[in-house]
Amino acid sequence: MAPGKSKTARYTEIERKFAVTENTVSPSFEGLSAIAEVARVETQHLDAVYFDTPNRDLAAHRITLRRRTGGSDAGWHLKLPAGVDTRTEVRVPLGTATDTVPEDLRDIVLAIVRDRPLSPVARISTERNVQVLRGADGVGLAEFCDDRVTASVTGEEADAQSWREWELELLTADVPDDLMDRLSNRLADAGAEPAGHGSKLARVLGTDVAPAPAPPADPVHRAIAEQIEALMIWDRAVRADAYDSVHQMRVTTRKIRSLLQESKDAFGLDDDGWVLDELRALAAVLGVARDAEVLAERYQRALDEMPAELVRGPVRQRLVEGANRRYTAGWRRSLLAMRSERYFRLLDALEELVSAEQPESAHAATKSVNIDAAYKRVRKAAKTAAAADSDAEASAEEKDEALHRIRKGAKRLRYTAAATGAEKVSDRAKNIQTLLGDHQDSVVSKAHLSTQADAAHAAGEDTFTYGLLYQQEDDTAQESRAQLQDALKQLDKAVRKTH
């Protein structure tokens, strides 16, 4: 079943939880200038069943998924971490199924759960007394909840836990910056303390008190682990079609591959290793949408800056709207790949690489990785490009490809240098990557403009504007090439200073 069958709604939840005893007296909110009225709401009886994989993969990522009845927001709720005190909540109506997670919600966390089953892991019942704190205009600013909770792990109902806790939640972003802190102080004055758990589920499962795994010792290994975590986050953003998310997920995929390439021995990988091939294939799939996105933005900006009288014929429809359509097609293709067993197995393999205990020889191999090896590739590519540039028989395509190889080498050097703390080298390599990235974008754009101009000519359309855009792209490419030698010299100086 494809996502989109049920209606979802997203909310930003900003809340804090507090531990109290049975005898703690409710706080007073009198005297706060922002609060004009405290309205009590009828007691709510909430019952929620929480779902997770057998290995508690959602809980490990501080994500909760529940089906709750009772209260004003009954339904399926997926809560994702979004910062300090902040979570993104995605809701789907209850429906008739009680033990089958809606596909809309499952798809959001598919990179985490993959093809593992989602089943009940806990049940939490709450008796909730609510006070709505309103401003002078009658708008609710915050909500204070006094909860009496009964919770049990599925299959362990005889060992149910009971406790009382308070929650403070902001109801709108349009509140004084210090309101949450001022309200929290009132709860502290009444005897409350910050809760030792991020959610009720975390308390009943004990996931908040479990020791976090120690980060990998060597910097490259640690950087790869961080990028795999980032890949999970960008995966969710791509599924939501968030702006620039395809680009960022593709960049993250390439970072992981570059870092693994520079430490193949430490991870037992060959040059043609399956994981490296799969990362390359994933980046290629994402690249279809990303390349179209780049062209759409590039042509939109160029046409907006061009005098109106120079924009002739249906050029926007061909270039901008056409690229947007290709982006949508590429995005859908990316989603198909991201819902495949092939993608799930790649994620499994990446997690196994960073979680496996490495022998001392692997640590030594990882530590031996340094920026020199990566820099040698850049220098070799630069010499090849210089030779191609001076070769009268070399084609423009061969020269462009030679420059592209410098960019790929600079990218690998940048990621390796950043992981090992050589920030100056990383910055200089990034400059080259950006410079030649602009060059490559211009090369791709020129080829696309030629194709579109031919199609426009065949349709009897004015092709004047295509010529102007082509010249602009050629100028950009020339400027990038002109700056390359200086950028390479700056990189060389930075590398020498690391010795």
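When a residue number appears, it is its place in the shown sequence, counting from 1. These numbers come from a predicted model, not from an experiment.
In this structure, Phe29 and Gln131 have side chains that are in contact, with non-hydrogen atoms separated by less than 4.5 Å. Inter-residue side-chain proximity for Trp166 and Thr24 is flagged as met; some heavy-atom pair is nearer than 4.5 Å. Two residues are said to be in side-chain contact when any heavy atoms from C-beta on lie closer than 4.5 Å; Leu286 and Leu282 meet this criterion. At a threshold of 4.5 Å between non-hydrogen side-chain atoms, the residues Leu336 and Val285 do not count as touching. Side-chain contact between Ser72 and Val41: absent, with no pair of heavy atoms (C-beta onward) separated by less than 4.5 Å. A 4.5 Å side-chain heavy-atom check between Arg298 and Gln472 finds every atom pair outside the cut-off. Proximity of Ile63 to Leu78: side-chain heavy atoms (C-beta onward) are separated by under 4.5 Å at one or more points.
With respect to the salt-bridge test (charged N to carboxylate O, under 4.0 angstrom), the residues Asp146 and Arg164 qualify. Under the 4.0 Å criterion applied to side-chain N and carboxylate O atoms, Lys200 and Asp147 are assigned as salt-bridge partners. A salt bridge is absent between Arg407 and Asp438: the closest approach of a Lys/Arg side-chain nitrogen to an acidic carboxylate oxygen does not fall below 4.0 angstrom. Between Arg239 and Asp104, none of the side-chain N atoms (NZ, or NE/NH1/NH2) sits under 4.0 Å from a carboxylate O, so this pair counts as no salt bridge. Salt bridge Asp115/Arg345: present, at least one basic N to carboxylate O contact under 4.0 Å. Between Arg128 and Glu143 no salt bridge is recorded (no basic side-chain N to carboxylate O distance below 4.0 Å).
Although no hydrogens or angles enter the test, the distance criterion places no donor-acceptor pair under 3.5 Å between the side chain of Arg236 and the main chain of Ile108. Remark: side-chain polar atoms of Ser340 are paired, donor with acceptor, to backbone N or O of Ala337 under 3.5 angstrom. Looking only at distances, a side-chain donor or acceptor of Ser258 sits under 3.5 Å from a matching main-chain atom of Arg254. Side-chain atoms of Ser245 come within 3.5 Å of backbone atoms of Ala242 as a donor-acceptor pair (strictly under, hydrogens ignored).
Residues meeting the side chain to side chain contact (heavy atoms under 4.5 Å, CB included) test with Ala349, sequence neighbours left out: Trp274, Val275. Remark: Glu297 pairs with Tyr243, Glu293 by the side chain to side chain contact (heavy atoms under 4.5 Å, CB included) rule, at least two apart or across chains.
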Quiz prompt | Gln161 vs Trp163, side-chain hydrogen bond (donor to acceptor under 3.5 Å, both in side chains): CA-CA, chis, key distance, verdict | solution = CA-CA 7 Å; Gln161 306 174 36; Trp163 71 87; over 6 Å; no

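For the side chain to side chain contact (heavy atoms under 4.5 Å, CB included) test with Val425, the passing option among Val495, Thr416, Thr420 is Val495; the others fail.
Remark: Arg91 qualifies as a cation-pi partner of Tyr11 under the 6.0 Å distance and 45° angle criteria applied to the six-membered ring.
Across every non-hydrogen atom of Leu435 and Ala487, the tightest pair is CD2-CB, 4.3 Å.
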